[in-house]
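So the structure is just underneath, and the comments pick up after that.
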Amino acid sequence: MNTIDVSSRKARAIFYSSGDWKKIRQDRLDLDNNECQWHKAEGKTLAAGMHDEHGNLVVLEVDHIKELADYPELALDLDNLRTLCKDCHNKRHKRFNYKPSKKKRKWDDEWW
């Protein structure tokens with residue numbers, strides 16, 4: 001198997017739009033029953049079509065367990081993939097700061 005080029009943003013965009021990626025991605029989602037594997041490990045079910053604890057529709061993503069940039073030869077290895085919800089995937093890659101909000105509610109009916 002040839003190593004996938006992921007050396008640039010453009011190369012990664014080409015990879016993620018390829019038929020090979022779309023097929024293996026769907027295979028992983030199917031094997032994981034369209035459920036976030038981190039939530040499942042905690043005994044919780046968070047699947048496509050559900051709403052998360054914030055009321056947002058769950059978006060599932062397929063994560064490379066061994067980083068794509070470091071292990072491009074595993075780009076299409078089914079055993080190197082897992083299904084995560086968008087929030088868990090973002091936490092895994094430290095894309096957002098997940099500190100609890102310090103904002104206090106003024107009224108009991110306030111939502112954010």
Side-chain angles (χ1 to χ4, degrees):
M1 179 198 271
N2 294 335
T3 299
I4 305 293
D5 179 17
V6 293
S7 60
S8 67
R9 176 175 271 165
K10 183 178 179 181
R12 287 187 299 276
I14 291 168
F15 166 68
Y16 282 122
S17 63
S18 73
D20 289 341
W21 169 250
K22 290 176 183 177
K23 183 187 180 324
I24 199 86
R25 179 186 184 280
Q26 189 59 55
D27 290 347
R28 183 76 264 165
L29 289 166
D30 291 345
L31 284 169
D32 290 342
N33 296 316
N34 289 292
E35 295 177 322
C36 174
Q37 297 304 290
W38 280 8
H39 277 86
K40 187 175 184 175
E42 294 175 353
K44 301 173 186 172
T45 300
L46 195 62
M50 295 178 68
H51 289 84
D52 65 16
E53 62 272 11
H54 307 292
N56 300 316
L57 192 62
V58 172
V59 174
L60 295 177
E61 299 180 344
V62 175
D63 175 51
H64 286 91
I65 298 167
K66 290 186 177 181
E67 295 289 342
L68 182 62
D70 299 328
Y71 299 91
E73 68 277 11
L74 299 178
L76 297 172
D77 183 339
L78 193 59
D79 293 329
N80 188 47
L81 302 173
R82 65 182 159 205
T83 303
L84 297 178
C85 68
K86 186 175 189 76
D87 281 347
C88 287
H89 199 206
N90 284 337
K91 286 176 189 175
R92 181 222 184 306
H93 291 289
K94 297 178 174 84
R95 291 186 182 124
F96 298 111
N97 186 357
Y98 281 89
K99 292 181 182 174
S101 174
K102 292 181 181 178
K103 182 178 176 184
K104 295 196 184 211
R105 291 182 185 192
K106 187 174 183 179
W107 310 105
D108 287 341
D109 62 349
E110 286 184 350
W111 291 81
W112 57 80

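Bear in mind the structure is a predicted one, so any value in this text is a computation, not a measurement. Reckoned from all heavy atoms, side chains included, excluding hydrogens, waters and symmetry mates.
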Mark yes or no for whether N80, through its side chain, and K66, through its backbone, hold a donor-acceptor pair below 3.5 Å. yes
Nearest heavy-atom approach of A47 to E35 is CB-CG, 4.0 Å
Calculate, to the nearest 0.5 Å, the distance between atoms SG and CZ belonging to C88 and R82 respectively. 9.5 Å
How far does CD of Q37 sit from CG of L60, to the nearest 0.5 angstrom? 9.5 Å
Please name the pair of heavy atoms, one in Y16 and one in K22, separated by the smallest distance, quoted to 0.1 Å. O-CE, 4.4 Å
Is W38 linked to V59 within one hydrophobic cluster, defined over Ile, Leu, Val, Met, Phe, Trp and Tyr using a side-chain heavy-atom separation of less than 4.5 Å? no
Non-neighbouring partners of K23 that pass salt bridge (Lys or Arg N to Asp or Glu O under 4.0 Å), sequence neighbours left out: D27
Taking all non-hydrogen atoms of both residues, which atom of C36 and which atom of C85 are closest, and how far apart? SG-N, 3.4 Å
Looking at NZ of K40 and CG of L46, how far apart are the two atoms once the value is rounded to the nearest 0.5 Å? 12.5 Å
Does the side chain of D20 come under 3.5 Å of the side chain of S18 through a donor N or O and an acceptor N or O? no
Considering only heavy atoms from C-beta outward, does the side chain of T83 approach that of N34 to under 4.5 Å? no
Could you give me the CA-CA distance, side-chain angles and deciding distance for M50 and T45, then say whether side chain to side chain contact (heavy atoms under 4.5 Å, CB included) is met? CA-CA 9 Å; M50 295 178 68; T45 300; 4.1 Å; yes
For L81 and A75, work out which heavy atoms get closest and say how close. CD2-O, 4.3 Å
Distance, nearest 0.5 Å, that separates CD of E67 from CG of L74: 11.5 Å
Do you know which two heavy atoms are closest between D79 and I65, and how far apart they sit? O-CD1, 3.9 Å
With salt bridge (charged side-chain N to carboxylate O under 4.0 Å, His left out) as the test, pick out the partner of D63 among R28, R92, R25. R92
Starting from I4, can I reach I14 by hopping between I/L/V/M/F/W/Y residues whose side chains sit under 4.5 Å apart? no
Could you tell me how the ring of F15 sits relative to the ring of W21: parallel (under 30°), tilted (30 to 60°) or perpendicular (over 60°)? tilted
Please say yes or no: joined through hydrophobic side-chain contacts below 4.5 Å, possibly via intermediate residues, are V62 and L84 part of one cluster? no
If you look at every heavy atom in P72 and V6, which pair is closest and at what distance? CB-CG2, 3.9 Å
